[in-house]
Structures are given as structure tokens and as C-alpha cells.
*Asks:* 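I'd like to ask some things about the structure below.
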Amino acid sequence: MTPPMLRLATEEDLASINDIYNYYVEFSTSTYQLQAEPLHARTAWFHEHHPDRYPVTVVELEGRVVAWGSLSKFRERDGYWPTVECSVYVDHRYHRRGLGRMILADLIVRARRAGFHSIIGGISADQTPSVALHAALGFHKTALLKQVGIKFGRWLDVIYMQLMLD
Ligand SMILES: CC(C)(COP(=O)(O)OP(=O)(O)OC[C@H]1O[C@@H](n2cnc3c(N)ncnc32)[C@H](O)[C@@H]1OP(=O)(O)O)[C@@H](O)C(=O)NCCC(=O)NCCS
């Protein structure tokens with residue numbers, strides 16, 4: 001088997017990125033989005049990103065995109081410029097092969113290189129794999145927001161995990 005290859009995403013990857021994500025929209029509290037993301041919205045999202053400052057990355061395995069990650073603005077207001085928010089989604093059929101770690105470790109390198117001061121992950125508190133992944137890469141829990149979402153008829157808490165970069 002060829003090793004996984006990490007690279008910057010291109011517009012051709014957006015359908016795969018969306019398929020990976022929309023699985024979690026339908027079946028998981030990983031995202032509180034309730035309706036599938038349409039491709040045109042994903043395309044608009046992609047164009048808000050930038051290879052140097054707000055990158056979107058993918059991992060390819062045997063010619064197929066099986067995971068993606070991104071650095072996005074933490075908040076729109078200008079004063080938040082030192083802070084970036086990370087996202088990592090691995091195709092549900094490819095968990096526990098080190099791909100999430102590969103994506104997030106690379107995003108940390110890119111965030112540091114871009115001059116950000118910290119990275120924040122906003123994670124549903126019931127998402128043990130995601131909390132564990134962020135903790136494994138040095139993020140610390142800095143906030144717990146109680147009952148801020150509802151999905152599948154359940155109240156959901158959000159944990160913010162933060163990694164200081166300098
Ligand atoms: C969270 C997620 C990205 C992890 O990806 P993954 O490729 O399965 O994780 P990895 O194999 O790289 O695991 C890296 C580390 O994360 C932790 N981890 C990952 N899955 C875990 C699980 N099910 N239980 C406990 N720890 C877990 C472990 O510390 C692991 O290190 P180890 O394998 O040496 O024990 C993946 O489960 C996923 O896509 N979940 C849905 C989307 C999501 O929640 N994204 C995060 C919010 S933005």
C-alpha cells in the first residue's frame with residue numbers, strides 16, 4: 001500500500017471534501033450542521049481560504065481523498081487576527097490510521113509559519129476521538145459551553161481546546 005500523501009486542496013477536491021463532511025452532518029454530533037452542505041456553499045467556503053494563511057489540506061490514499069483539514073478565521077472581527085480555528089475530518093471508513101493526526105500536525109506547522117498566536121478547536125464534548133486527538137497534539141481545554149446545541153434530540157456541550165503557538 002502506498003503511504004498517504006498530504007497536500008493543499010484544489011477545487012477538484014471539493015466534492016470529496018463535502019462527501020466526507022456530509023456523512024457527519026447526517027450521522028454525528030461532530031458538526032452541529034443539520035442539513036447537508038451543498039457544493040456551492042463548499043465552493044464559496046473554499047474561496048474564503050488561502051494556501052498561506054487559511055489553508056485547506058487533504059490526504060490522498062491510493063488516489064482517493066480520505067481526509068481533509070482547514071484553518072479558518074476564528075471570528076470575523078479584525079481584532080481576532082492572531083487566532084485561527086482548525087477543522088479535521090477523516091472519512092469514517094479510514095479512522096485510526098493516523099490520518100487525523102497527520103492533518104492536524106501539519107495544520108499546526110502551517111499556523112505557526114503563518115504567524116498565528118494560537119489555534120482553537122471547537123469540539124462537541126461527546127466527541128471523545130476529537131478531544132483525544134487535540135489533546136495528543138498539545139491542545140488544552142480552555143472552555144466548556146453547556147447546552148449550546150441540540151442534535152438528534154439531545155442537548156450538546158461544546159469544548160474549546162487551544163494550542164498556544166508562541
Ligand atoms: C477525530 C478524528 C479526526 C480522528 O481522526 P483519526 O484519523 O481516526 O485519528 P488518528 O488515527 O490520527 O488518531 C490520532 C490520535 O487521536 C486519538 N484518537 C483518535 N481516535 C480516537 C478514539 N476513537 N478514541 C480515543 N482516542 C482517539 C488518539 O490519541 C490517537 O493516537 P493513537 O492512535 O496513538 O492512540 C476522526 O475521528 C474524525 O474525523 N471524526 C469526525 C470529525 C470530527 O470530529 N472532527 C473534529 C472536529 S473539527
Side-chain angles (χ1 to χ4, degrees), residues 1-9 13-37 41-42 45-46 48-49 54-76 80 83-111 114 116 118-146 148-152 154-163 165:
M1 199 195 255
T2 51
M5 185 188 70
L6 191 152
R7 59 170 174 77
L8 287 168
D13 299 318
L14 295 182
S16 303
I17 286 173
N18 228 22
D19 287 347
I20 292 169
Y21 179 77
N22 279 333
Y23 172 86
Y24 296 106
V25 173
E26 189 171 356
F27 296 111
S28 165
T29 56
S30 299
T31 166
Y32 292 179
Q33 191 162 331
L34 302 178
Q35 304 293 332
E37 179 85 342
R42 180 61 66 189
W45 167 89
F46 182 68
E48 287 162 9
H49 286 74
Y54 299 108
V56 180
T57 57
V58 293
V59 167
E60 254 185 53
L61 202 54
E62 320 224 297
R64 171 195 171 106
V65 170
V66 293
W68 64 270
S70 62
L71 293 178
S72 306
K73 287 184 182 176
F74 173 61
R75 291 278 188 276
E76 274 303 319
Y80 285 112
T83 310
V84 74
E85 183 163 12
C86 57
S87 297
V88 187
Y89 287 87
V90 176
D91 183 318
H92 65 282
R93 293 161 294 192
Y94 291 84
H95 284 178
R96 295 315 294 263
R97 301 183 189 200
L99 302 180
R101 182 190 289 272
M102 187 178 183
I103 291 264
L104 189 55
D106 174 74
L107 289 177
I108 292 168
V109 171
R110 290 176 191 272
F116 287 108
S118 74
I119 311 182
I120 292 183
I123 303 165
S124 191
D126 61 340
Q127 287 297 320
T128 311
S130 182
V131 172
L133 169 65
H134 286 75
L137 288 179
F139 287 66
H140 292 285
K141 287 182 198 178
T142 47
L144 170 67
L145 309 183
K146 294 186 76 69
V148 288
I150 296 179
K151 194 168 179 182
F152 309 131
R154 281 190 289 123
W155 281 110
L156 297 169
D157 300 345
V158 167
I159 292 174
Y160 278 97
M161 296 186 75
Q162 186 172 26
L163 177 70
L165 296 173

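Numbering of ligands and ligand atoms starts at 1, following listing order.
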*Asks:* Under 3.5 Å between any N/O of G98 and any N/O of ligand 1: does that happen in this structure?
*Replies:* yes

*Asks:* Would you say L165 and I108 make side-chain contact, with heavy atoms under 4.5 Å?
*Replies:*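 They are in contact (side-chain heavy atoms under 4.5 Å apart), so the answer is yes.
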
*Asks:* Can you tell me which residue and heavy atom of the protein come closest to atom 48 (S) of ligand 1, and the distance to 0.1 Å?
*Replies:* V88 N, 3.6 Å

*Asks:* Supply the atom-to-atom distance D91 CG to L61 CG, rounded to the nearest 0.5 angstrom.
*Replies:* 10.0 Å

*Asks:* Please list, in number order, the atoms of ligand 1 under 4.0 Å from a heavy atom of S87.
*Replies:*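 Reading through ligand 1 atom by atom, the close ones are 48 (S).
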
*Asks:* Nearest 0.5 angstrom please: S130 OG to M161 CE, how far?
*Replies:*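 So the gap between those two atoms works out to 8.0 Å.
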
*Asks:* Verify, without hydrogens or angle tests, whether T142 (side chain) and Y160 (backbone) share a donor-acceptor contact under 3.5 angstrom.
*Replies:*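 Answer holds: yes.
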
*Asks:* Specify the protein heavy atom at minimum distance from atom 18 (N) of ligand 1: its residue, its atom name, and the distance to 0.1 Å.
*Replies:*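 Checked against all protein heavy atoms, atom 18 (N) of ligand 1 sits closest to P129 O, 3.8 Å.
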
*Asks:* What are the atoms of ligand 1, with element, lying closer than 4.0 Å to any heavy atom of S130?
*Replies:* 1 (C), 44 (O), 46 (C), 47 (C)

*Asks:* Below 3.5 Å, N or O to N or O, backbone or side chain included: is there any such pair between Y94 and ligand 1?
*Replies:*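 Min N/O separation from ligand 1 is not below 3.5 Å for Y94.
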
*Asks:* Does the N or O separation between G100 and ligand 1 drop below 3.5 Å for any pair?
*Replies:*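 Yes, there is a polar N/O contact under 3.5 Å.
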
*Asks:* Using the six-membered ring wherever Trp is involved, compare the ring planes of Y89 and Y24 and label them parallel, tilted or perpendicular (cut-offs 30° and 60°).
*Replies:* tilted

*Asks:* From atom 15 (C) of ligand 1, work out which of H92, R101, Q127, E85 has a heavy atom at the shortest distance.
*Replies:*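 Result: the heavy atom closest to atom 15 (C) of ligand 1 is in R101.
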
*Asks:* Looking only at protein heavy atoms, identify the closest one to atom 4 (C) of ligand 1 and say how far it is in Å.
*Replies:*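 Residue, atom and distance for the closest contact: L133 CD2, 4.0 Å.
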
*Asks:* When rounded to the nearest 0.5 angstrom, what is the spacing between NE2 in H134 and CD1 in I123?
*Replies:* 4.0 Å

*Asks:* Could you walk me through whether E48 and S72 pass the side-chain contact (heavy atoms from CB on, under 4.5 Å) check?
*Replies:* CA-CA 8 Å; E48 287 162 9; S72 306; over 6 Å; no

*Asks:* Determine whether Q35 and V25 make a side-chain contact, defined as any pair of heavy atoms from C-beta on separated by less than 4.5 Å.
*Replies:*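 With C-beta onward as the side chain, the pair stays apart.
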
*Asks:* In terms of residue, atom name and distance, what is the protein heavy atom nearest to atom 44 (O) of ligand 1?
*Replies:* S30 OG, 3.2 Å

*Asks:* What atoms of ligand 1 come within less than 4.0 Å of a heavy atom belonging to Y89?
*Replies:*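 Those qualifying, in numeric order: 39 (O), 42 (C).
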
*Asks:* Does an N or O from V90, backbone or side chain, lie closer than 3.5 Å to an N or O of ligand 1?
*Replies:*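 It does: an N or O of V90 is found under 3.5 Å from an N or O of ligand 1.
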
*Asks:* Which protein non-hydrogen atom lies closest to atom 26 (N) of ligand 1, naming both residue and atom, and how far is it?
*Replies:*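 Ranked first by proximity to atom 26 (N) of ligand 1 is A132 CB, 3.3 Å.
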
*Asks:* Please report which non-hydrogen protein atom sits nearest to atom 38 (C) of ligand 1, along with the residue it belongs to and the distance in Å to one decimal place.
*Replies:*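 Atom 38 (C) of ligand 1 sits closest to the protein heavy atom H95 NE2, 3.5 Å.
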
*Asks:* Checking the N or O distance criterion of under 3.5 Å, is ligand 1 in contact with T128?
*Replies:*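 Min N/O separation from ligand 1 is not below 3.5 Å for T128.
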
*Asks:* I need the H92 NE2 to F27 CZ distance, nearest 0.5 Å.
*Replies:*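 These two atoms lie 8.0 Å from each other.
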
*Asks:* Is the closest basic N to carboxylate O distance between K151 and D126 below 4.0 Å?
*Replies:* no

*Asks:* Can you pull out the closest protein heavy atom to atom 28 (C) of ligand 1? Residue, atom name and distance to 0.1 Å, please.
*Replies:* R96 NH2, 4.1 Å

